[in-house]
Amino acid sequence: TVTGTEFISNTATGVAGGVYARSGALLTGALFERNQASTYGGGIYSLATVTATGATFISNTVTNAFGGGNGGGLYIDGGDAFFADSTFAGNLAGAFGGGASVSGATVISGGAFEGNSAGMSGGALNIIHTLTVSGTQFIRNTATTAMGGGIYAQRDTVLTNARFERNWAGYRGGGLYSLYPVTATGTVFVNNTANTDSGGGALVINAVLSGGTFQGNRAGASGGALAIIPGGSLVANDIPLIDNTAGVNGGAIHLAGTT
């Protein structure tokens with residue numbers, strides 16, 4: 001249990017620049033800033049569940065691009081994540097999850113992921129299990145060469161009143177990339193970019209969307225706002241799609257599945 005403690009400019013040549021937590025961690029008002037590890041968890045590496053309330057992760061780094069390089073701010077291997085009103089800003093991962101990389105179920109309420117970067121996928125988040133997000137902002141995060149400038153989601157995702165703005169992916173899914181079902185309510189995608197391929201705002205397989213907005217998103221190929229891949233489906237209610245752009249097909253939506 002950590003309350004109101006600062007971890008600044010610590011370095012590890014393996015994992016966990018700041019804290020190595022074998023049995024999980026409960027963080028309240030903690031600060032992790034400018035910590036660095038080579039492989040996993042620039043700020044913290046945990047083998048069990050992490051609960052963070054009002055925690056801040058700023059400018060932490062994992063340097064490897066291969067053989068690790070995941071979870072610039074935080075890496076959880078074998079546990080779940082519960083983040084409330086926490087901030088991940090300016091963190092960097094050489095491979096996946098600039099802000100955080102989590103192997104278990106992840107629940108996020110409030111807070112912000114801003115200016116995080118991953119060398120491959122998941123500029124803000126790389127989530128291997130289910131993801132539930134409520135009222136969280138994802139702003140100016142980058143997946144340099146691959147997918148999910150904001151989020152790279154590898155299981156079912158539920159978004160409520162989230163905001164994706166100015167996120168950038170080198171390949172697909174400027175704001176969000178997921179090959180699993182996505183349910184989004186009141187969620188906004190604004191000015192996100194998939195640079196060379198599809199899904200400027202998001203690329204998903206099955207999506208149920210209600211409320212929210214897609215505006216000013218751009219894809220280098222197809223689906224300026226949204227791309228649904230072959231075999232997928234889209235159900236959309238009350239979704240304005242405004243000023244989105246695709247380099248080839250589907251300025252707003254590229255639907256390769258059913259609607």
Side-chain angles (χ1 to χ4, degrees), residues 1-65 68-119 122-127 131 133-142 150-151 162-163 165 167:
T1 300
V2 174
T3 302
T5 302
E6 298 180 346
F7 301 84
I8 299 175
S9 297
N10 303 288
T11 302
T13 57
V15 304
V19 173
Y20 182 103
R22 182 173 293 275
S23 300
L26 176 61
L27 310 174
T28 303
L31 171 66
F32 293 81
E33 184 173 356
R34 298 193 307 276
N35 301 288
Q36 179 175 304
S38 294
T39 53
Y40 299 100
I44 182 169
Y45 174 94
S46 179
L47 294 175
T49 295
V50 173
T51 299
T53 303
T56 303
F57 295 80
I58 298 177
S59 299
N60 301 285
T61 303
V62 284
T63 57
N64 283 14
N70 299 345
L74 174 149
Y75 183 89
I76 301 176
D77 183 9
D80 300 330
F82 299 91
F83 303 147
D85 299 323
S86 294
T87 299
F88 292 74
N91 300 287
L92 172 65
F96 293 88
S101 183
V102 182
S103 67
T106 301
V107 178
I108 305 173
S109 61
F113 290 76
E114 183 168 357
N116 303 286
S117 180
L125 287 173
N126 173 47
I127 305 298
L131 172 63
V133 175
S134 178
T136 305
Q137 298 187 64
F138 298 86
I139 299 174
R140 291 189 303 102
N141 302 288
T142 300
I151 297 175
R163 185 177 185 87
E165 183 173 355
N167 300 289

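- Aromatic ring pairs are classed by plane angle as parallel below 30°, tilted from 30° to 60° and perpendicular above 60°; the pair Phe7 and Phe32 is parallel.
- Atom OG1 of Thr56 sits about 6.0 Å away from atom CG of Leu31, to the nearest 0.5 Å.
- Closest approach of Gly41 to Tyr75, counting heavy atoms only: N-CB, 3.6 Å.
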Side-chain donor-acceptor contacts of residues 98-107 below 3.5 Å, not counting sequence neighbours, with atom names and distances?
unit_1, atom_1, unit_2, atom_2, d
Ser101, OG, Asn126, ND2, 2.9
Ser103, OG, Ile76, O, 3.3
Ser103, OG, Gly78, N, 2.6
Thr106, OG1, Gly104, O, 3.3

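- The CG atom of Leu74 sits 11.5 Å away from the CG atom of Asn35 when rounded to the nearest 0.5 Å.
- Within the 3.5 Å criterion, the main-chain N or O of Gly111 finds no donor-acceptor partner in the side chain of Ser86.
- Checking side-chain atoms of Ser38 against main-chain N and O of Thr13 turns up a donor-acceptor pair under 3.5 Å.
- Residues Leu47 and Tyr20 come closest through the heavy atom pair CD1-OH, 3.5 Å.
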Requested in this report: Please lay out, stage by stage, how Ile108 and Leu131 fare under the test side-chain contact (heavy atoms from CB on, under 4.5 Å).
Outcome: CA-CA 8 Å; Ile108 305 173; Leu131 172 63; 4.1 Å; yes
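- Using cut-offs of 30° and 60° for the angle between ring planes, the Phe88 and Phe57 rings count as parallel.
- Judged as a salt bridge (Lys or Arg N to Asp or Glu O under 4.0 Å), and not counting sequence neighbours, Glu33 has no contacts.
- Within the 3.5 Å criterion, the main-chain N or O of Thr39 finds no donor-acceptor partner in the side chain of Asn64.
- A distance of 11.0 Å separates CD in Glu165 from CG in Asn141, rounded to the nearest 0.5 Å.
- Across all non-hydrogen atoms, the minimal contact from Gly72 to Ala93 is N-CB, 3.7 Å.
- Residue Gly17 comes nearest to Ala37 through the heavy atom pair N-CB, 3.5 Å, listed as atom of the first residue, atom of the second, then distance.
- Remark: Arg34 engages no residue in a salt bridge (Lys or Arg N to Asp or Glu O under 4.0 Å) (not counting sequence neighbours).
- A pairwise comparison of heavy atoms in Asn70 and Ala95 identifies OD1-CB, 3.4 Å as the closest pair.
- Here Leu26 contributes atom CG and Phe82 contributes atom CZ; the two are 11.5 Å apart, rounded to the nearest 0.5 Å.
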Report task. Might you work through the side-chain contact (heavy atoms from CB on, under 4.5 Å) test for Leu125 and Phe138, ending with a clear yes or no? Result -> CA-CA 9 Å; Leu125 287 173; Phe138 298 86; 3.7 Å; yes
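- When all heavy atoms of Ala30 and Val2 are compared, the closest pair comes out as CB-CG1, 4.0 Å.
- Here the rule is side-chain contact (heavy atoms from CB on, under 4.5 Å) with Glu114, and of Thr87, Asn91, Asn167, Ile139 only Ile139 fits it.
- Under a 3.5 Å cut-off, the side chain of Thr136 and the backbone N or O of Gly110 do form a donor-acceptor pair.
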